[in-house]
Amino acid sequence: MANIQITFPDGASREFPQGITALEVAKGIGPRLAAEALAAKVGDQLVDLSTKLEADGPIQFIMPSSAEGLEIFRHSSAHLLAAAVTELFPDAHPGIGPPTENGFYYDFFREKAFTEDDLQKIEAKMQELVKANLPNERVYFPKEEGLKIFEQMGEFLKCQLIQEKADPVFSAYRTGKFLDFCRGPHIPSMGRVKAFKLLSVAGAYWKGDEHSHPMQRIYGTSFFSQKDMDAFLKQIEEAKKRDHRRLGKDLDLFSIQDDAGPGLIFWHPKGGVIRREIEDWLRDELTERGYDLVFTPHAMRLHLWEISGHANFYRENMFGPMDVENDLYQLKPMNCPGHILIYKSRARSYRELPMRLAELGTVYRFERSGVMHGLMRVRGFTQDDAHIFCMPEQLESEVEACVNFAHTVLKTFGFDEYKVELSTSDPANAEHYAGTMDEWAGAEAALVNTLTRMNIPFKTIPGEAAFYGPKIDVKLVDAIGRPWQLTTVQFDFNLPRRFGLEYVGSDGHMHTPVMVHRALFGSIERFFGVLIEHYTGAFPVWLAPVQAVVLPISDKHAAYAREVFEALRHAKVRAQLDDRNEKLNARIRDAQLQKVPLMLVVGDREAQNRSVSVRRRDTGDAGSQPLDEFVGWVRQLIDTRAAKW
């Protein structure tokens, strides 16, 4: 038998017999590697450890510490779930079961709904299969033969997937009695899945189509250690306390009304106060940074979206067009064409560039019912959108300014940690992107150069770019360690060309500008939801809808309480006077439940000394303070927009 040359990541190479498996190579290096490795990468291809190696080439073993390792581990955990479900409930037909950022899920079609008791039974069966250490055996079928096998099993959903996606000879995985059409790879056996937990069951639709089969989606998570899983489950419990949907109702901040339709947000007075503060801060910053504020219509001719490419690349996320006097109009899913038309409204010179147009523009996107989630995923929302038209040589400095602007947002609103990702194109799917691959390479290089020059670490995410250009995403990390997508800075060389944008250069000739799309909050609605959960509804003083409540001890202190209240109002502090005929402790408790930052108790001593007895929301009794001194302190907190106080 011939030998093959295997090269390892450190550059070393060794000869092995042709046809040796990846697992046997690992054993040849050491028993610990063989025991810990989950899969292997041969060249650029991820493979099972059972894969036979037939030619010279590089190999890298996928370990639990890697992102790829965790994804493979969780994909196998999803198969473990499906194996348990199909054994316990033969009437359940499996759909798809991918890994997710925080775990995995598997979709099933079943007439009868899964219950909490069912989840416990499934989890127990999964434990049983883990103890049996079932192997994940990869098998191959010619397409027609495989189809017949799955048809005989009655797995009509798998048959659809095979018809649509299977190669002439396709792979499947056998885990005990469960057979699944899957490209893999998977961990060698289920005995490796020690720490897992089923979390919930929710409704979904087959392939995300609400007109197709209703599915039941079982969510779970798995980790390499019980310690990591316990930390995650603790985070979930903390997240439940912070759920913006519950807090939004309890604090009377916003609502979603059935009569109006799902995914449409009603801002209540208290939520409206916070939104106004966010937007006022942003408008001031935009003015300071050389932006011009504009306003564009909510609906425009569909023709614009055909020129922009949205009607082709983004059609499934747009509401259907409206027929108006035999002309088709489109609710805008983006603000870009409107800003482009403002640029194009007259001739432009290089002396006007960069032109920075900003808008708090409401857009509308068709989100499916199964994915909408409170403020985080809606159908109508307001983007803090901006488009910067500039010369190519100005591009990197404008991108840098956008990233610096994002840093100011994070600092102002109390976020200390963030991560940066660079989303690039996928050359293997060039048809999904507008423009040439050479243009994409140049655009991506410009963003890489900017982040490198700024000494900002970033992770490259291939294939996640928008259809019109690469982008930088800034993800904040909240109080309990969860990442949230925030700022997006996108480079666009396509739309200026599609719309025929030009400027007169210093050479007197016409040139095409480049364009930067920039959103800082992402959307006001989503950012508000993140703020609610980050602060658990206990906003810093400058953002709180009610900043202070005045509490007279009894009726005889009402007159002085009114003076305190008016002094706060005169200083433009958002205050309330609670002089209800209720016990003081009950009124303090109500203020605490509404998460009012400051409670001012006034009685005989306070009236005599013109002072207030201060109770803080977080630490309780803060002692007595002269009224004028207190007002000045609160005003300073508001004026400096102190995130911590």
Side-chain angles (χ1 to χ4, degrees), residues 199-200 202 233-279 372-382 413-415 476 478-482 484 521 523-551 573-601 615-620 638 643-645:
L199 302 173
S200 62
L233 295 177
K234 183 178 179 181
Q235 186 186 73
I236 288 179
E237 287 305 309
E238 182 62 32
K240 289 178 181 177
K241 299 176 189 175
R242 296 169 178 265
D243 191 321
H244 72 280
R245 295 166 297 179
R246 179 182 61 80
L247 288 169
K249 182 178 181 180
D250 292 347
L251 301 177
D252 197 21
L253 300 174
F254 73 93
S255 64
I256 300 171
Q257 304 284 344
D258 286 342
D259 287 343
L264 304 172
I265 306 303
F266 288 78
W267 294 75
H268 293 199
K270 287 183 178 180
V273 166
I274 300 172
R275 175 170 177 162
R276 186 189 69 212
E277 290 290 344
I278 294 170
E279 292 186 354
M372 286 184 290
H373 178 75
L375 294 168
M376 306 303 192
R377 197 81 177 261
V378 295
R379 287 178 173 168
F381 57 93
T382 301
F413 288 91
F415 299 101
L476 64 84
D478 71 7
I480 59 173
R482 297 173 301 177
W484 296 95
F521 300 129
S523 81
I524 299 296
E525 286 77 4
R526 190 168 184 275
F527 184 65
F528 184 38
V530 172
L531 281 178
I532 293 171
E533 298 203 1
H534 179 62
Y535 287 112
T536 324
F539 299 102
V541 174
W542 76 277
L543 278 175
V546 178
Q547 294 164 327
V549 61
V550 184
L551 302 165
V573 177
R574 293 189 291 273
Q576 285 184 349
L577 173 61
D578 187 355
D579 55 1
R580 293 174 297 156
N581 186 25
E582 297 278 353
K583 290 183 178 180
L584 178 62
N585 285 342
R587 287 179 283 148
I588 289 174
R589 185 178 65 251
D590 288 346
Q592 284 283 164
L593 289 173
Q594 286 300 302
K595 302 185 184 291
V596 178
L598 295 159
M599 289 148 272
L600 309 180
V601 178
R615 284 188 62 87
R616 292 173 58 115
R617 174 185 61 204
D618 51 353
T619 57
I638 296 168
K644 298 175 182 177
W645 51 284

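Quick note: numbers below take in every heavy atom, side chains included, and nothing from hydrogens, waters or symmetry partners. Quick note: residue numbers are just sequence positions, from 1.
- Below 30°, between 30° and 60°, or above 60°: for H244 and F254 the angle between ring planes is below 30°, a parallel geometry.
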Could you go through L598 and R617, starting from their C-alpha distance and side-chain angles, then the distance that decides it, and tell me whether this counts as side-chain contact (heavy atoms from CB on, under 4.5 Å)? CA-CA 6 Å; L598 295 159; R617 174 185 61 204; over 6 Å; no
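- Across every non-hydrogen atom of F413 and H534, the tightest pair is O-CD2, 4.5 Å.
- Of the candidates R246, K240, R245, R245 is the only one forming a salt bridge (Lys or Arg N to Asp or Glu O under 4.0 Å) with D243.
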What do the steps show when you test L551 against L584 for side-chain contact (heavy atoms from CB on, under 4.5 Å), and what is the final call? CA-CA 7 Å; L551 302 165; L584 178 62; 3.9 Å; yes
So R242 and I532, side-chain contact (heavy atoms from CB on, under 4.5 Å) or not? Walk me through it. CA-CA 7 Å; R242 296 169 178 265; I532 293 171; over 6 Å; no
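- Proximity of E525 to M376: side-chain heavy atoms (C-beta onward) are nowhere separated by under 4.5 Å.
- The environment of D258 atom CG is sparse: at most 12 non-hydrogen atoms of other residues, nucleotides or ligands sit within 6.0 angstrom.
- W484 and F415 have their aromatic ring centers separated by at least 6.0 angstrom.
- Taken to the nearest 0.5 Å, the OG1 atom of T382 stands 11.5 Å off from the CD1 atom of I278.
- Under a 4.0 Å N-O distance rule, the pair E279/R276 does not qualify as a salt bridge.
- We find the CD1-CD distance between I480 and E238 to be 5.5 Å, quoted to the nearest 0.5 Å.
- F266 CZ to D259 CG: the interatomic distance, rounded to the nearest 0.5 Å, is 8.5 Å.
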